[in-house]
Amino acid sequence: MPDSNSSSPSTEARQRAASLRSELVRHERLYYQEAKPEISDREFDALMAELVTLEEAHPELRTPDSPTQRVGGAPLEGFEQVEHSPPMQSLDNGYGEEDLRAWNQRLLRLAEEEHLDPEIAERGLEVVCELKVDGVSISLVYENGTLVQAATRGNGRIGDLVTENVRTVRRIPLTLRPGSGRPVPERLVVRGEIFMPRTVFAELNEQRRQAGEPLYVNPRNTTAGTVRLLDSRTVAARRLDAIVYDVASRPLGERHSEHLEILAELGLPVHPAWRRRRGIDEIQSYIDEWAEQRGELDFDTDGVVIKIDRLDQRDLFGQTSKAPRWALAYKFEAEQAQTRLLAIHEQVGRTGALTPVAELEPVFVAGTTVSRATLHNHEDLARKDVRVGDLVIVEKGGDIIPKVVAAVLEQRPPGAEAYVPPSECPRCGERVQRAEGEVALRCVNPLCPAIVSEAIRHFVSRNAMNIEGLGEKLIDQLLEHGLITDYTSLYSLRAEELMGLEGWGELSARNLVAEIDKSRNRGLAPLLHAIGIRFVGERLAGILARHFGSLERLREASLAEEPEELLGVEEVGPKVAASLREFFTDEVQQGRLAELARVGVTTESEAPASDPSEQPLRGKAIVLTGTLEGFSRRDAKELLERLGARVSGSVSKKTDLLLAGESAGSKLEKARQLGVEVQGEEWLRQQARDAGIEPG
Ligand code: AMP
Ligand code: ZN
């Protein structure tokens, strides 16, 4: 029977609401806690919509823990304030190994004064290491298992009550589930961090870009703004996430690690990366590992928090007025900074490609002062719409070259104009053009001094012909005086000619000529890399050299009617094949190759292509993680490469094997998920021995 009166729900409506609620809660748990969703997001939304409609028709059906609380309600006028008990403290920060050691020393001294277990002095303090999530800290209060209050940190003593907003964070349970055999505590206060996942942030910015709205600067600021929005429906749409990392009410155990286990059992989002560690070396290896792997996480981490595990020891160590002594927030080096963009200039590379380069007001990032950063290419620059005069975000990530990530559009100075790419080469004045399907603008003049000079620099560089003592300035000097015209003429250079130049003595001139001379026998692989065939980098040059054994054989294969042999070579696709053919048909290049042969540069491999049976891991894609006992990362990588493996940074479906050391983290997890073979250090040793190499 249909409802006759909206204020008295039928039994049927009551039952439907109850069943929807328990279904939704179950699906939330499957999704967030167990990562095993059974229904699609769409189906979930449909169930949610049905429950919202039901509750709107019959408000008395709404319970405080109903999942509908997650979609947000009517906007608030302002936030109420609440007092934190106990206060939300900040943490002492440490930068670098020295700070870590000082913190550790201080606690060891206190332990000695307090006559704690003498074993501590020998084996180190027992601690828990956790990721320091770069978000907004939050305090949650559960009463009899129901979330009743969520507050921002505020000044640490008093914060804003943002319960409606925090309820929209799906990862935070509205009700706790009883842990294994453990009752839900009557009152539980937990502390944690709310954040915006990087992927969500990127999507949000993409939408804003398309709508022509100013972009947000970083996930942290956006989270802080979102948590304090008065309209919780907007908050719900932003898909924030959270982790918890502390119990602030009565202890539930004797150790912090026990707390983390209990919180997870209760359904609270404890991030699984935490580890128990003992002693400074173990702590340091945890830090090193995450400093390297943090880029793989879907949230920003700015460090590692180290906490004394035993709660009784924490009490002994106590607090200063600002922060507990028993914890240290170890900060990674900042990877991003903001600074002013002073100018954009164009660099002409050896292929003639123009790269826009940002001239910056000097700023300190990740340990060095940065005053220049790349803007990649003109397409990218136009898309980012970075303008001279803008405040920009500079990043120094894994790469050595810093890059401009974005402009802070909210702070664009009036009158800043969009950048117009040049139509002429800044070095030779010839026309620039964009080839079909390419993003780069290129100078079309093969004799452009910028191109010639860059090509020579590449030729002499360490991983190519490795001619020491030939820097940019000297190359330009030689070009200007007409002593060289391209890299081949280096081999005809005479010491007497050099001695005539300003600043050159007999000794330095003879040394340089000797260096150049030595490079004649560098071998085929470095030569293939050095002559600058597009798409043929160091790696591919090595593969081609091994396969073909001589420049002449490679030339024949490249010019063959049907380039089957070429395409059969590992990592050679149509793009590379086309580039090789183009290179070997170009007259200027052919002239240079002939000249190289004439001046006696080796164009053949000294040894025949190496026997593949010596390389047991040939072609295998291997990823390294964790700490190895007997090898440094670099040694392990080198060894793997000698055995023929390709070592890459992150685990994907294409990974053949994960080599995991001690305290492996997310990569190991991922490898297991993907069913990738996992091996340990001993396996590597065995592989090396089998190949007749004495490992480390
Ligand atoms: P800071 O703001 O640099 O003084 O660092 C202290 C803040 O780090 C705390 O107030 C928390 O908001 C935050 N934080 C992030 N992750 C953790 C964690 N795992 N344990 C403790 N605090 C954390
Ligand atoms: Zn030019």
So, do H259 and Y245 have ring centers that fall under 6.0 Å from each other? no
Between D99 and N93, is a side chain to side chain contact (heavy atoms under 4.5 Å, CB included) present by the stated rule, with each step listed? CA-CA 9 Å; D99 285 0; N93 288 331; over 6 Å; no
For a side chain to side chain contact (heavy atoms under 4.5 Å, CB included) check, start with the C-alpha distance between I120 and Q313, then their side-chain angles and the critical distance, and finish with the verdict. CA-CA 11 Å; I120 291 175; Q313 290 181 358; 3.7 Å; yes
Residue pair L263 / V247, side-chain heavy-atom distance below 4.5 Å: yes
Taking only Lys NZ, Arg NE, NH1 and NH2, and the carboxylate oxygens of Asp or Glu, determine whether R233 and E164 approach each other closer than 4.0 Å. no
Are the side chains of R187 and R250 in contact, using a 4.5 Å heavy-atom criterion? no
What I'd like to find out is whether the side chain of F317 reaches to under 4.5 Å of the side chain of I308, using heavy atoms alone. yes
Salt-bridge test for E126 and R277: reply yes if a basic N is under 4.0 Å from a carboxylate O, no otherwise. no
Backbone N/O of G135 and side chain of E193: donor-acceptor pair under 3.5 Å: yes
For the pair H58 (side chain) and E60 (backbone), establish whether a donor and an acceptor sit closer than 3.5 Å, ignoring hydrogens and angles. no
Please test R220 against D300 for salt bridge (Lys or Arg N to Asp or Glu O under 4.0 Å), starting from the C-alpha separation and ending with a verdict. CA-CA 8 Å; R220 210 199 77 85; D300 289 345; over 6 Å; no
Is the closest side-chain heavy-atom distance between R157 and M88 below 4.5 Å? no
Testing the 3.5 Å rule here: is there a donor-acceptor pair between the side chains of N144 and E186? no
Examine distances only and state if a side-chain atom of R153 and a backbone atom of S137 form a donor-acceptor pair shorter than 3.5 Å. no
Okay, side chain of D117, backbone of E119: is any donor-acceptor separation there less than 3.5 Å? yes
So, are R171 and E28 salt-bridged, with charged N and O less than 4.0 Å apart? no
Between T320 and K322 (side chain of the first, backbone of the second, donor and acceptor by atom type, cut-off under 3.5 Å), is there such a pair? yes
For H256 and E261, what are the C-alpha separation, side-chain angles and deciding distance, and is it a side-chain hydrogen bond (donor to acceptor under 3.5 Å, both in side chains)? CA-CA 9 Å; H256 177 62; E261 278 160 7; over 6 Å; no
Side-chain donor-acceptor pair under 3.5 Å between S139 and R191, yes or no? yes
Check this for me: does any side-chain nitrogen of one of E254 and R310 sit under 4.0 Å from a carboxylate oxygen of the other? no
Checking side-chain polar atoms at under 3.5 Å, does R238 have a donor or acceptor matched by the opposite partner on T226? yes
Using only atom types and a distance under 3.5 Å, with no angle test, would you say the side chain of T53 pairs donor to acceptor with the backbone of A49? yes
Residues, nucleotides or ligands: over 12 heavy atoms within 6.0 Å of E203 CD: yes
Any chance CD of E80 has more than 12 other-residue heavy atoms, nucleotides or ligands included, within less than 6.0 Å? no
Decide, yes or no, whether a salt bridge links E38 with R26 under the criterion of side-chain N to carboxylate O below 4.0 Å. yes
Could you walk me through whether L110 and R325 pass the side chain to side chain contact (heavy atoms under 4.5 Å, CB included) test, one step at a time? CA-CA 10 Å; L110 282 171; R325 285 201 193 88; 4.1 Å; yes
Side chains of H271 and L131: does their closest heavy-atom pair fall under 4.5 Å? yes
Take S666 and W290 through the test side chain to side chain contact (heavy atoms under 4.5 Å, CB included) and record every step on the way to the result. CA-CA 9 Å; S666 64; W290 282 105; 4.0 Å; yes
Residues R198, D298: salt bridge by 4.0 Å N-O rule: no
Assess the side chains of T625 and Q293: does a donor N or O sit below 3.5 Å from an acceptor N or O? yes
Side chains of S66 and E55, donor plus acceptor under 3.5 Å: yes
Using only atom types and a distance under 3.5 Å, with no angle test, would you say the side chain of D92 pairs donor to acceptor with the backbone of A327? no
For the residue pair L260 and I262, establish whether any side-chain heavy-atom pair is separated by less than 4.5 Å. no
Hey, is the main chain of L316 close enough, under 3.5 Å, to the side chain of W326 for a donor-acceptor pair? no
P272 backbone acceptor or donor facing R275 side chain under 3.5 Å: yes
Where does the angle between the aromatic ring planes of H27 and F44 fall among parallel (under 30°), tilted (30 to 60°) and perpendicular (over 60°)? perpendicular
What I want to find out is whether D309 reaches R278 closely enough, with some N-O distance under 4.0 Å, to be called a salt bridge. no
Less than 4.5 Å apart, any side-chain heavy atom of Q284 and any of E97? yes
